[in-house]
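What follows is a set of notes on a single structure, which appears directly below.
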Amino acid sequence: MQVLYKSTRGKKETVTASMAILKGLSEDGGLFVPTSIPKLDVSVEELAKMNYQETAYEVMKRFLTDFTEDELKSCINNAYDDKFDTKEIAPLHQADGAYFLELYHGATIAFKDMALSILPHLMTTAAKKNQVKNEIVILTATSGDTGKAALAGFADVPGTKIIVFYPKHGVSPIQEKQMVTQKGNNTYVVGITGNFDDAQTAVKKMFNDKQLAEELDRAGYQFSSANSINIGRLVPQIVYYVYAYAALVRQGAIQAGDEINAVVPTGNFGNILACYYAKQMGIPYKKLICASNENRVLYDFFRTGTYDRKREFILTTSPSMDILISSNLERLIYRIAGENAAKCAEFMQSLSTGGEYTITDEMKAQLKDFYGNYCSEEETAQTISSVFKDSSYVIDSHTAVAAGVYKKYIKDTNDRTPAVIASTASPYKFTRCVMEALTGEKSALDDFALADALANLSGVKIPKAVEEIRTAPVLHDRVVNAPEMPETVKELLGIHA
């Protein structure tokens, strides 16, 4: 069965999966969603016998129906290889009364690697399929992890260039060092003086700028996106929720057909939406527990039905979740609005112009699969400390937000259904806040000396990704104001007015 893609905002035409991956965003500013979510008609017993690559093929072939078997398997095998430092790609670790799904064993030690190691292969395959002659320019805003994972994925990939904008003072020192030391003749990294939402808003604006698109086309370029708004990033994320369920069956932790819960630290809403799609495919996830940090815009939305970005932007120790506009939520809104694109477009317009929207009671009733809560900075640090004390297991600050919220969920509901917690980054990516939480004191050491201290304390080896950047030279040092981003892009691509 062919699955096609359409916009959440009403542009009537449908496009193939490969075209949706190439475009990134629809011309009307909407996000691409599948016309129907395919059922996963493979038994759990069969899935339990599969490795990660085989599971990826079973899930992705149902969404990316215009890719041939050879094309898709080639993309999968090129992505999930020895770039990952564990054989099973996404291992489960039992600790603290839950199963931590470790999604950080890729090249940049964060969950973004799970999708961004395959996206360049999907995109270059899609370009060939659609006879694209232009060079593809990946334009991305990052709150810390997407940037480096996308840079690592696209570095020196023929026929592509990648430009990443990040908030200069809104990422961890190791996140920044990972980006600004990135090699590759086609890579560009630019800091901005605003926050992530400023960067993301400017990037979306450039995608919708017809005049800019014409200028690019004349120069032989076209934009595409590596942000989680690209369906080519969302589909690979569904895989690990299917894999986690099958792994629990394989380990005998649950029986096929048993329900499990998922707990996901959430900023842009892509990671938890992937789990929602896995549930729609037939994997028996019961509750999707959405964990926010002090920027609790999603917690408030699930509580009240009003999405309101008009609030103070708080810089926390979990910077990848410091987001007030959760772009992927639009896909869920479209779904619970009965796939009414006009209604969805109205909500997004209201968010853009007035800073908020409120869903109807009927829509709110369809959110019963979700539970939202948040952790304060103090609770996050406390969770890092208590998980290590009780289970000798070190987690990063984003995973700690999820683990802390899971404790609140159990307290609120007394629901003891087995739970998978998405562990989204290595503790070595956020060594300062992890070490401060574990020792209870502020440190004067730099982040690399802290990594050594963490290795001594925890016995967990420092990942290659951190060792490599310790002494790497800074190759990207440009910083601009958000309004200067379009001019900067043109300058980097050598397009002159």
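- Side chains of K204 and S327: a donor-acceptor N/O pair is present below 3.5 angstrom, by distance only.
- Taking the six-membered ring for Trp and thresholds of 30 and 60 degrees, Y371 and Y409 have ring planes more than 60 degrees apart, a perpendicular arrangement.
- Taking the ring centre of Y374 as origin, the terminal cationic atom of K408 falls inside the region bounded by 6.0 Å and 45° from the ring axis.
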Exercise. Let me see the working for D300 and R303 under salt bridge (charged side-chain N to carboxylate O under 4.0 Å, His left out), right down to the final yes or no.
Key: CA-CA 5 Å; D300 290 341; R303 214 165 34 95; 2.8 Å; yes
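- Under 3.5 Å, the side chains of T146 and K112 contain a donor-acceptor pair of N or O atoms.
- For D209, there are no side chain to side chain donor-acceptor pair (under 3.5 Å) partners two or more places apart in sequence or in a different chain.
- Rounded to the nearest 0.5 Å, atoms CE (M281) and CD1 (I37) are 8.5 Å apart.
- For the atom pair I138 CD1 and S224 OG, the distance stands at 4.5 Å (nearest 0.5 Å).
- There is a side-chain donor-acceptor pair under 3.5 Å between D322 and N295.
- Here the two rings, on Y428 and Y104, have centers that are 6.0 Å apart or farther.
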Practice problem: For K168 and E176, run salt bridge (charged side-chain N to carboxylate O under 4.0 Å, His left out): C-alpha distance rounded to whole Å, both residues' side-chain angles, the deciding distance at 0.1 Å, then the answer. | Solution: CA-CA 8 Å; K168 176 70 186 155; E176 182 172 47; 2.7 Å; yes
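- A centroid separation of 6.0 Å or more is found between the aromatic rings of Y5 and F32.
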Self-check item: Chi angles and distances behind the ring pair (Phe, Tyr, Trp, His ring centres under 6.0 Å) call for Y276, F370
Solution: CA-CA 9 Å; Y276 175 77; F370 290 88; 5.7 Å; yes
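- Note that CZ of R233 is 8.0 Å distant from OG of S225, once rounded to the nearest 0.5 Å.
- When only modelled atom types and interatomic distance are considered, K148 and Y166 share no side-chain donor-acceptor pair under 3.5 Å.
- Within 6.0 Å of CD on E378 lie no more than 12 heavy atoms contributed by other residues, nucleotides or ligands.
- Once rounded to the nearest 0.5 Å, the distance linking OG1 of T181 with CD of Q178 reads 7.5 Å.
- From I323, atom CD1 reaches atom CD of Q200 across 6.5 Å, with rounding to the nearest 0.5 Å.
- Judged purely by distance below 3.5 Å, without hydrogens or angles, the side chains of E436 and S443 never pair a donor atom with an acceptor atom.
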Can I get a per-line list of side-chain donor-acceptor pairs under 3.5 Å for residues 347-356, giving both atom names and the distance, sequence neighbours left out?
residue: S350; atom: OG; partner: E356; partner atom: O; Å: 2.6
residue: T353; atom: OG1; partner: Q349; partner atom: O; Å: 2.8
residue: E356; atom: OE2; partner: K310; partner atom: NZ; Å: 2.5

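- N293 pairs in a side chain to side chain contact (heavy atoms under 4.5 Å, CB included) with only one of the listed residues (P265, S318, P319, S376), which is S318.
- Inspection of the E330 and T8 side chains reveals an N or O donor paired with an N or O acceptor under 3.5 Å.
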